[in-house]
Amino acid sequence: MKYDYKSIEAKWQRKWEESNAFAAHNDYSKPKFFALVEFPYPSGNGLHVGHPRPYTALDIVSRKKRMQGYNVLFPMGWDAFGLPTENFAIKNHIHPRIVTERNVARFKGQLKSLGLSFDWNREINTTDPSYYKWTQWIFLQLFKRGLAYKKKMSVNFCTSCKVVLANEEVVNGVCERCGSEVIHKVKEQWMLKITEYADRLIDDLADLDFIEKVKTQQINWIGRSTGAEVDFKTTAGDTLRIYTTRADTLYGATYMVIAPEHEYIDRWKQVLQNYDEVLAYRDAAAKKSDFERTELVKEKTGVRLDGVRAINPITGLEIPIFVSDYVLAGYGTGAIMAVPAHDERDWDFAKKFDLPIIEVIAGGDVENAAFTDVESGTLVNSGFLSGLSVAEAKEKMISYLAENGIGMKKTNYKLRDWVFSRQRYWGEPIPLVFCEKCGWVAIPEDQLPLTLPDVESYEPTSTGESPLSAMTDWVNCTCPECGGAAKRETDTMPQWAGSSWYFLRYCDPTNDMALAAKEALDYWMPVDWYNGGMEHTTLHLLYSRFWAKVLYDIGVLSEKEPYLKRTSHGMILGENGEKMSKSRGNVVNPDDIVNEYGADTMRLYEMFIGDFEKSAPWNPQSIKGCKRFLDRFASLVDLAKGSGTSEALVRPMHKLIKKVTSDIDEMKFNTAIAAMMAFQNEVYENAAITCDELSVFAKLLSPFAPHLAEEVWEKMGNSGLVSLSDWPSYDEALTKDNTVEMPVQINGKVKSTVSLPIDADKEAILAAAKADERIAAAILGKSIVKEIVVPGKIINIVIR
RNA sequence: GCGGGUGUGGCGGAAUGGCAGACGCGCCGGUCUUAGGAACCGGUUCGAAAGAGUGUAGGUUCGAGUCCUAUUACCCGCACCA
């Protein structure tokens, strides 16, 4: 059979569509499998070859599960709100809705050409009002539970996008999206209290089947640390509270530092003799961008407060207070006790400002470097703590502080609340109004969705206000509570909103009474296997876990976690080994590959390219190998004769079924394909395969190269779709050969091999080994020290 | 600096502690061709060979790419979080 991939692929894509072959069924009695890939942001560039890698991988998993009898939900949709679309719309004077429609059509066409078995009946789009109705509804639940609040705060502001960014969107002090400088700006922002869920977001990871690096990255990002808060009295007559993880070193605290933004600077205005100098330092620190702050890590700066001193609560000694930007206002209490002997930053600062360094933990040389080892040191110069280990001393000190009312145990997190407002047009409107009398009021749920109005201009304003603010007709409204005049919130939600719950909508995508029917959620959730990029670990993945927990708390979900298993794919790099990007000019368009080689070859190559979790460079030469394999597979149709099994292929076939089955489960797609290639080579060597055997082979290949597998399945006289046939089973006994080649070692070096029946016992094996010519010669005249026989594996004779 | 990961032929990569280099690319030789950047067949870690060989140095073991210790290079994430 000639492999005419173009007609074959068109034919089977049409048949799958006509028969609705991959629809998930609402038959809740069957075992289910929910496979999820991250839905794409439909950009104007179309897909590049990186997109199909995870899609194909979970398509393979889904296709196999379907054949194994599961009711499979493998859906797709569009995460379509966001800046690039809006920016494109502004530049080209086309409404972002039109741009989105266009991009979605392009993406969908590309995805369909790849033969992915998505259930297109459940397609969703985050910009669809019937979808974002429920995004808004979830926001209102957060608002009603006090998990959404408005706060005046210093935010990250991108000077180019003119938009507020979340901490997660600032990378190395610049905008993640455009690379422009990010400055601080004080604005009123809606915030989501993700910090309230910090402990659960860490603790609930324990039972999940997530790849380890995802877990550790989330744990580090949340950054839980346990320590103590301690109150220091000051000469101004008040109390300065600090946070420390090293309460054990309190005897060594020789000065204190407060952040430039610390409120006490204003409070101490009257007593500070150098108030102007302190203020100048604060202003200078505020002007620094994040980038400058991190660049200047090495050189510590600061100003000593003249006129106020603190009293070390344990030694009673007066110590100076400094203001320095190495202490962050947003973490802990914004103030620290400095222990230069046992903290590198404090040590640097103390050296620069010539402050005393008192050793309280023996084991290092504190004159030359801070001694920070908490494992080996012993407390010294520390009164009742002297002689204790660090761990013992921490505990004892914290109890002492608590008993005397000068401190307490305290847990802190690096995680901050989620900045949830964007001063942009192309996002979900926040369904709240502000009433002078009632404050912020939720729009009644039966009035959702609050639709995005059509505006003339969606340019961001230079003042940083949302484009919606110019639409007075839309902004002015009545308060749902008192009926008085009110104004709508004009900020919109960030792009992360729609993607924080989209997997739930797939369970019941057209429901207009609820985000999904409870019955559907209880059946399909949690997601059994979720694959996505590492770049979303501390963004989308964390956010959506947070929302799922809130929905669990209000009874919408019955499980506390949304995803049972999380895996991540490696990037496909350009031919030159660099990241694929437009600017590098190394982007490969999947359409070209599909055109030249066919979708099946494209799919096969993307899976064969290497370890799924590792990145791999694109190699146009290697694609040919996959094409050849399929060409030769198609030709098997002419070779196949008769029914039943052919003697030579019985064991290879059982081995292959076992290998492909387990490799798919373990995401070892590359070795599954290699095994099929090897099997095919064997068929050609023997020049014999029956129609039944080729049909089984087609089943095994069908998740990887579904179009050609269908064609061959049909040509072999089978009815129905191979995609919906039963996954083949194997006989364990037939996955092993009758005889094995066993290597024989002398002193650990292979000298010969012997061929033996699989069930030969140790004595027989050893006898056969010793009978081998080369082995007999090697042991002649030597004394045998030891004989190791591992049946089926190896023989090692140790001689002297 | 902290956390995580990775080092195997010319290349992508295989190897439950048991014959290192499966499978594929590329390359070399051949067959068929007016032709070959098509197809098919054979070969291909290095070395003429003995032998050597999985970043480097040790260790455990009858046996180590795999386990342990140290070291080095590169990649990813976080980064003054007290």
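Every heavy atom of this structure was used, including side-chain atoms; hydrogens, water molecules and symmetry mates were not. Below, chains carry the letters A, B, ... as their sequence lines are ordered, and counting in each starts from 1.
Both A/M534 and A/K793 lie close to RNA chain B; mapped to their nearest nucleotides by heavy-atom distance, the more 5′-ward contact belongs to A/K793. Residue A/Q621 is the one, among A/Q621 and A/S225, whose nearest nucleotide of RNA chain B lies closer to the 5' end (criterion: closest heavy atom).
When the nucleotides B/C23, B/C19, B/G26 are ranked by their closest atom to the side chain of A/I794, B/C19 comes out on top. Each of B/U6, B/G18, B/A82 was ranked by its minimum atom distance to the side chain of A/Y243; first place goes to B/A82. Nearest to the side-chain atoms of A/W221 among the listed nucleotides B/C78, B/G4, B/G26 stands B/C78. Of the candidates B/A82, B/C23, B/G77, the closest approach to any side-chain atom of A/A674 belongs to B/C23. When distances are taken from the side chain of A/Y331 to each of B/G13, B/G26, B/A82, the shortest belongs to B/A82. When the nucleotides B/G12, B/A82, B/C41 are ranked by their closest atom to the side chain of A/R632, B/C41 comes out on top. Nearest to the side chain of A/D611, among B/A14, B/A82, B/G12, sits B/A14. In the set B/G77, B/G24, B/A82, the nucleotide with an atom closest to the side chain of A/M677 is B/G24. When distances are taken from the side chain of A/A678 to each of B/C23, B/G18, B/G26, the shortest belongs to B/C23.
One can place CG of A/L240 at 18 Å from P of B/A82, the figure rounded to the nearest angstrom. When rounded to the nearest whole Å, the span between OH of A/Y684 and C1' of B/C23 equals 17 Å. Rounded to a whole Å, the CZ atom of A/R628 is 7 Å from the P atom of B/C40. Atom P of nucleotide B/C75 and atom CD1 of A/I572 are separated by 21 Å, given to the nearest angstrom. To the nearest angstrom, C1' of B/U6 lies 17 Å from CD of A/E212. Taking atom CZ on A/F612 and atom C1' on B/C23, their separation rounds to 19 Å, with Å as the unit. In this structure, the NZ atom of A/K213 is 10 Å from the C1' atom of B/C75, given to the nearest Å. Put simply, CE on A/M337 is 9 Å from C1' on B/A82, counting in whole angstrom units.
Here, B/C2 and B/U71 have their P atoms 12 Å apart, quoted to the whole Å. One C1' atom belongs to B/G18, the other to B/C28, and the distance between them is 34 Å to the nearest Å. On the C1' atoms, B/G9 is 27 Å away from B/G58, given to the nearest whole Å.
A salt bridge links A/E787 with A/K770: the distance from a Lys NZ or Arg NE/NH1/NH2 to an Asp or Glu carboxylate oxygen falls below 4.0 Å. Taking the charged nitrogens against the carboxylate oxygens, A/E263 and A/R241 have no contact shorter than 4.0 Å, which rules out a salt bridge. The residues A/K751 and A/D772 are annotated as not salt-bridged, no charged nitrogen and carboxylate oxygen being separated by less than 4.0 angstrom. A salt bridge links A/E299 with A/K352; the closest basic N to acidic carboxylate O contact falls under 4.0 Å.
Residues A/Y255 and A/F353 keep their aromatic ring centres 6.0 Å or farther apart. Not less than 6.0 angstrom separates the ring centroid of A/F608 from the ring centroid of A/F629. You'll find the ring centres of A/Y3 and A/F633 outside the 6.0 Å limit.
Less than 4.0 Å separates RNA chain B from at least one heavy atom of each of the following residues of residues 660-673 of chain A: A/K668, A/N670, A/T671.
Base engagement by A/K414 is indicated by at least one non-hydrogen atom pair under 4.0 Å involving a base atom. Here A/T537 lies out of heavy-atom contact (under 4.0 Å) with every strand. A/I609 comes within 4.0 angstrom of sugar-phosphate atoms only, judged by non-hydrogen atoms across all strands, and of no base. Within 4.0 Å of A/E741, counting heavy atoms only, lies at least one base atom of the nucleic acid. Residue contacts shown for A/D631 are absent, as no nucleic acid heavy atom lies under 4.0 Å away.
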I'd like a list of close polar pairs between nucleotides 60-63 of chain B and the protein, N/O only, cut-off under 3.5 Å.
unit_1 : atom_1 : unit_2 : atom_2 : d
B/C62  : OP1    : A/K786 : NZ     : 3.3
B/C62  : O2'    : A/N796 : ND2    : 3.0
B/C62  : O2     : A/N796 : ND2    : 2.6

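Legend: residues meeting side-chain contact (heavy atoms from CB on, under 4.5 Å) with A/K668, ordered by chain and number and at least two apart, are A/D663, A/E666, A/N670, A/T671. Every residue meeting the side-chain contact (heavy atoms from CB on, under 4.5 Å) condition with A/V740, not counting sequence neighbours, appears here in chain and number order: A/M742, A/I758. Under the side-chain contact (heavy atoms from CB on, under 4.5 Å) criterion, A/T239 pairs with A/D231, A/K233, sequence neighbours left out. In terms of the side-chain contact (heavy atoms from CB on, under 4.5 Å) criterion, residue partners of A/K6 (sequence neighbours excluded) are, by chain and number, A/D4, A/N595.
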Run A/F349 and A/F322 through ring-ring contact (aromatic ring centres under 6.0 Å, His included) and show every step you take.
CA-CA 10 Å; A/F349 193 86; A/F322 288 78; 5.2 Å; yes
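B/G9 adopts a syn glycosidic conformation, its chi angle falling within 90° of 0.
Checking the phosphate oxygens (OP1, OP2) of B/A82, no side-chain nitrogen or oxygen of A/Y326 falls inside 4.0 Å. Here A/N681 does not reach the OP1 or OP2 of B/A22: none of its side-chain N or O atoms lies under 4.0 Å away.
Within 3.5 Å, a donor on the side chain of A/K300 pairs with an acceptor on the base of B/C80, or the reverse.
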